[in-house]
Amino acid sequence: MFLSLSGILILALLGTLVETARYTACAGHTARTVRTAVESLLTEYSRPLYENYGLFFLESGGTPYEKVIADYAADTMEAADGQSMDFLAGGISQIRVKEKTCLGDNGAAPLQKEINQYMLRRLTKKQLETWQDKSSDLIRSQDTAEEIEETVERQQEAAELDVQMLKLMKWIDGITVSEGRIHCEPEFIKMFAAGDITSQNFAIGTEAVWKKMKPYIDDTPVHFSKLDRQRFRRRVEKVLRLTEQAVREAVSLKTGFRKYGREKTEFADHDRKMETLIRQMSVLETNREILSETCRILQAERQEGEEERLQQLWQDYDTETIAFDYTGVEEKGGAPDPVDAMSGVWGNGILNLTCRDPDKLSGAEVAEPDNFARLYENRDGKNEDYGKRVTALAGEKEVSLTGVLGELGGYGMDEFCLDSYIQDRFSNYIQETSGWKKTLKYQWEYIAAGRGSDRENLQTVLNRILLIRMPVNFAAIYKDPARKAEAYAAAAAVVGFTGLEPLIRLTQTLILLVWSFVEGLVDIAGLLQARHVPVIKTPSQILTGFSEIFGLSGKVVTKRAEKFRPAGKKSFGYGEYLLLFLALTGHSTRLYRIMDLIQWDMKRNGYKDFQLASCVYSLTVSAGVTFPARFFRLPAIRSMLGRDIRDYSYTCEITKGYL
């Protein structure tokens, strides 16, 4: 009896130990089986996505993931045929996908990881450093852009006084200069002669101006005995309105000069003349009173002694105190403004000016650009219209060249992998890919610009390059004394008077910018023709002469670009500019635009039900497995435990994704 009881206890102990060991083995077997099943599911990645973009992602749709995992696991978990005592056999009670990480989640981080794995096998840190070295000179050129803007701002402040002076010149003397000719208005403040009609009495020291002005002078105040009351009253009323305008402008000029004159400027002689002229403007008040009183007299009924009253009144009408400086007006004043020429050229659009055959440009477009950025509420990107800056320069003479390039201080290997992947897998204006159909052909441009059509994206990129090239070319042209002097002479001719030095300097700067603009168009045409366009130019490398600013056309620009030699390995070409713009585009914005392109192209190539947003990168799977008890069901052990243990369950959780 004792031996029997001892044997039962030993048997129960051994059975318990074996069953416990078996349970541990089943737990490990379950984890391995579920892991293998999930990995087997991941092998069903989208083949076209991998073959065309080198990306591993699992399409969502069709058979539920849980069923696929269960089917893969079932073969391993179930007992083999003819082996009723398979110690590791069990039954799957539950398979649940608890969490899925899709391609666009977390700012499209899964897409970035896949791209990194794809590109890191092909890139080195040295390649990144080489590209950064090549682009550093171009980025430093933005210092020149800031200097240009600051210079223009200072010159505009000073030149604004000269612009006001030109208005007063027109209202007081009636004189304007345009298109190489002197014009005199039919009515102006000095038009009434209260004494002898001589140039000295009208403060005109330039014969050419006096010849234009003299025929319009009205000597009625000298001959009131022959007064035509109605005609004279109408003319006085018109001049009175001009005088009131001039008085207001003179007050504004005085205020502006006080603000401007707080600091010493480079235009000391001009400033002294301006200060004198502002003091002379005080006679306008007296003239206004005379004109107003004359209107009151002439509006009333004719009275006895009217002629004597008018003669007495008009003795104080001043036409000789205010003396404008017309120096240089006889030389070559009023020449065509190159900025106007720029405006005319710009109206044709940058594509028509820089592309050899604009009619053959891609007309592809999409209905919803930046679709994934909106879907994921990404606010990382901004689509600036760089063409507006050039339009503002051509139309309003507003100079805005900074901010086209940003900081690349945080640009590292992840960013470089992303942009290199874009260059490897997508097409642009000068680098097409064959076989796989493209919804948009200029895909680098789309990622950098985010517009809805190929033409818009290309135009945005070229406008941005133009704004980069302008400061570079400006610096080269400005270093050349001959070109600088040529621009100054042209500026003096545009202004019409050499006495308005600040306005001439501003006009000279604007002419140099126009010159830089035209040279920039030639640079862009050279880049599109795959030619070597120096990143930083010397004066000898400028291809455009001043006379060539006028009458530009697309044929002229593209022909001149042929003077650049073909690009070499060390050239900073169109692709490098695009890579620079990509680097300056928000990280998540680039990723979402890549997703746009993939989605559009997958559908275009026949995969109409493809949904990139649902493609899975990783899964977290929970599995429950039930194992039948083996040794716990022995009568002796069951009796000792006091209950019948038929089976027990094990739950595991596995997270698996692509590397």
Side-chain angles (χ1 to χ4, degrees), residues 52-53 127 130-131 134-135 138 349-366 386-387 404-405 416 418-469 472 519-535 543 554-585 590 593-594 597 600-601:
N52 292 282
Y53 300 101
Q127 289 171 289
T130 300
W131 178 80
K134 289 175 69 175
S135 59
L138 203 58
I350 195 167
L351 299 181
N352 291 327
L353 290 169
T354 56
C355 300
R356 275 178 168 165
D357 198 343
D359 294 334
K360 292 185 178 180
L361 290 173
S362 169
E365 58 183 24
V366 292
Y386 294 99
V404 181
L405 292 175
F416 188 60
L418 175 59
D419 295 333
S420 298
Y421 174 79
I422 292 169
Q423 291 187 309
D424 182 69
R425 287 288 172 170
F426 297 95
S427 59
N428 63 47
Y429 172 76
I430 60 175
Q431 179 180 315
E432 297 184 3
T433 56
S434 58
W436 190 247
K437 296 177 183 177
K438 307 287 187 182
T439 302
L440 292 178
K441 292 185 178 179
Y442 309 154
Q443 296 182 316
W444 297 13
E445 290 84 348
Y446 169 73
I447 298 171
R451 306 291 175 177
S453 71
D454 276 335
R455 293 182 71 94
E456 287 179 296
N457 287 316
L458 180 60
Q459 180 173 278
T460 299
V461 167
L462 298 188
N463 285 335
R464 196 171 184 181
I465 295 175
L466 178 61
L467 291 170
I468 294 173
R469 296 305 306 171
V472 171
E519 182 71 11
L521 293 176
V522 176
D523 291 345
I524 292 171
L527 292 171
L528 296 181
Q529 295 173 23
R531 296 184 179 277
H532 176 79
V533 179
V535 173
L543 301 182
K555 289 184 178 179
V556 172
V557 170
T558 54
K559 184 67 176 176
R560 192 173 301 155
E562 293 176 4
K563 294 182 180 179
F564 291 117
R565 61 179 172 82
K569 290 183 178 180
K570 295 184 178 180
S571 298
F572 198 91
Y574 179 71
E576 281 71 25
Y577 278 95
L578 269 174
L579 180 56
L580 182 58
F581 296 155
L582 292 173
L584 296 167
T585 303
R590 278 174 281 169
R593 287 175 181 170
I594 288 173
L597 293 171
W600 295 331
D601 291 352

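These numbers come from the heavy atoms of this one structure, side chains and all, not from hydrogens, waters or symmetry mates. All values derive from a computational prediction rather than experimental measurement.
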Item to check | Residues which pass side chain to side chain contact (heavy atoms under 4.5 Å, CB included) with Thr439, listed by chain and number, not counting sequence neighbours | outcome: Val366, Trp600, Asp601, Arg604
Next on the checklist: Once side-chain hydrogen bond (donor to acceptor under 3.5 Å, both in side chains) is applied, do any residues pair with Arg455, and if so which ones, sequence neighbours excluded?
Outcome noted: none
Checklist outcome for this item: By side chain to side chain contact (heavy atoms under 4.5 Å, CB included), Ala364 pairs with (sequence neighbours left out) Ser362, Leu440, Asp454
Next on the checklist: According to salt bridge (Lys or Arg N to Asp or Glu O under 4.0 Å), who are the partners of Glu445, at least two apart in sequence or on a separate chain?
Outcome noted: none
Checklist outcome for this item: Taken in chain and number order and not counting sequence neighbours, the residues that satisfy salt bridge (Lys or Arg N to Asp or Glu O under 4.0 Å) with Arg469 are Asp523
Checklist entry - What residues, two or more places apart in sequence or in another chain, satisfy side-chain hydrogen bond (donor to acceptor under 3.5 Å, both in side chains) together with Ser420? => result none
Checklist outcome for this item: Residue set satisfying ring pair (Phe, Tyr, Trp, His ring centres under 6.0 Å) with Phe426, at least two apart, ordered chain then number -> Tyr53
Checklist entry - Residues two or more places apart in sequence or in another chain: which of them pass salt bridge (Lys or Arg N to Asp or Glu O under 4.0 Å) with Arg565? => result none
Item to check | Pairing residues for Glu365 by the salt bridge (Lys or Arg N to Asp or Glu O under 4.0 Å) criterion, not counting sequence neighbours | outcome: none
Item to check | Partner set under side-chain hydrogen bond (donor to acceptor under 3.5 Å, both in side chains) for Asn352, not counting sequence neighbours | outcome: none
Next on the checklist: Among residues at least two apart in sequence or on other chains, which ones pass side chain to side chain contact (heavy atoms under 4.5 Å, CB included) with Glu576?
Outcome noted: Lys134, Phe572
Checklist entry - Who passes side chain to side chain contact (heavy atoms under 4.5 Å, CB included) against Asp357, sequence neighbours left out? => result Asp359, Lys360
